[in-house]
Amino acid sequence: MNNVITPGPKPAEEKKQYGDDIFSVIPGFEKASAVPVLDAAVLTEEVFKRDWVSKNKPCLIKGIVKHWPAVGKWKNKEYWTDTCENVDVNVYPHINHNDPSRLNAEKMKFYDALERVYSSSDQIFSMPGETITEDGRFSGVIKDMPGFACLPSSEMPRVYDRRRFFMYRRAATAWHYHGIDETLMCQVKGAKKVALLPPDIPRAKYVTRFLHDELHLEGRTLDKSLELRPCITEVMEGDALYIPPYWHHAVIPCDGEIGFTLAFCWRSAWYKLGDFSNYFVRDVYRQGIWPFTKFTPFLPFLGMYAGISYCVKKITGVV
Ligand SMILES: [Fe+2]
């Protein structure tokens, strides 16, 4: 992988920040390895897709969005009020939990949310996952994100929105994984530390249940004998982290400053949904089967097609 440039930050160098307890629930986290780092200036589409997306391996891409107008414009509160309508948004005065029972969402107007996050009136503030669409909410800022040199085109995602943005101050995000779709987590303003676990972890169901239910908040701990092989990186302003499906990840901000993150998603190749030896793949279908939806009857056929695609990829190496 000739595009790999420098190792990421060592966990031992990490300082205690906002939500480090989320990382420390992983046994042996202090031995976490560094996510590979690539230089956007020399990363081609071919290399990105062949060495990282196709292999379902995360990587940090330095400087991939530093040229975006968003990096300069989004810092200014007035830019948001000049560009976007005062729509209703949901905010949290706490970290982004998985369990809805832990959420204490507040509904408010976007301009009021801006006042709160810019004034730092809350110790923790998060406006998570607001969708940006061509013809809808926040459409005025799409022009500020002119794309990626290593991903000039991509198919629309299957489940996630194409673009979601997060506005936050000191708000971490609990461990979770994306069951479908590829993601580039772009730091438009501020820096975040992200820890990840590979999909082939031992006792994946047990670990997933623990992390999803955030059982450490109830004083419980994971089996300390598990070797979960975590990795960690720091996503600085202008960088993006490629987060493949099935990788558990947790996020904590590096400082108490206001931050903006853009999650850009695109469709995974079918073969990624066809490895039924993978707990996370099976879980995607399990979640699709129940609760029953209009898509449920088609799942066996999609699974068959994905399974064949996986076998073809395994034998020929062709996606
Ligand atoms: Fe995520």
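Remember, it's 1-based here, ligands and their atoms both numbered in the order they're listed.
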**Student:** Could you tell me which residues satisfy ring-ring contact (aromatic ring centres under 6.0 Å, His included) with Phe280, sequence neighbours excluded, listed by chain and number?
**Tutor:** Tyr177, His248

**Student:** Output, in order, the C-alpha distance, side-chain angles, deciding distance and verdict of salt bridge (Lys or Arg N to Asp or Glu O under 4.0 Å) for Glu130 and Arg137.
**Tutor:** CA-CA 8 Å; Glu130 281 292 338; Arg137 294 154 65 93; 2.6 Å; yes

**Student:** Would you call Asp181 and Arg267 a salt bridge, using N to O less than 4.0 angstrom?
**Tutor:** no

**Student:** Among Phe264, Phe148, Phe48, Trp247, which one satisfies ring-ring contact (aromatic ring centres under 6.0 Å, His included) with Tyr242?
**Tutor:** Phe48

**Student:** Is there a side-chain hydrogen bond (donor to acceptor under 3.5 Å, both in side chains) between Ser120 and Arg170 once you walk through the steps?
**Tutor:** CA-CA 10 Å; Ser120 192; Arg170 306 183 191 91; 3.3 Å; yes

**Student:** How many protein N, O or S atoms sit closer than 2.8 Å to the Fe ion (ligand 1)?
**Tutor:** 3

**Student:** Should Arg286 and Asp283 count as an ion pair when the cut-off is N to O under 4.0 Å?
**Tutor:** yes

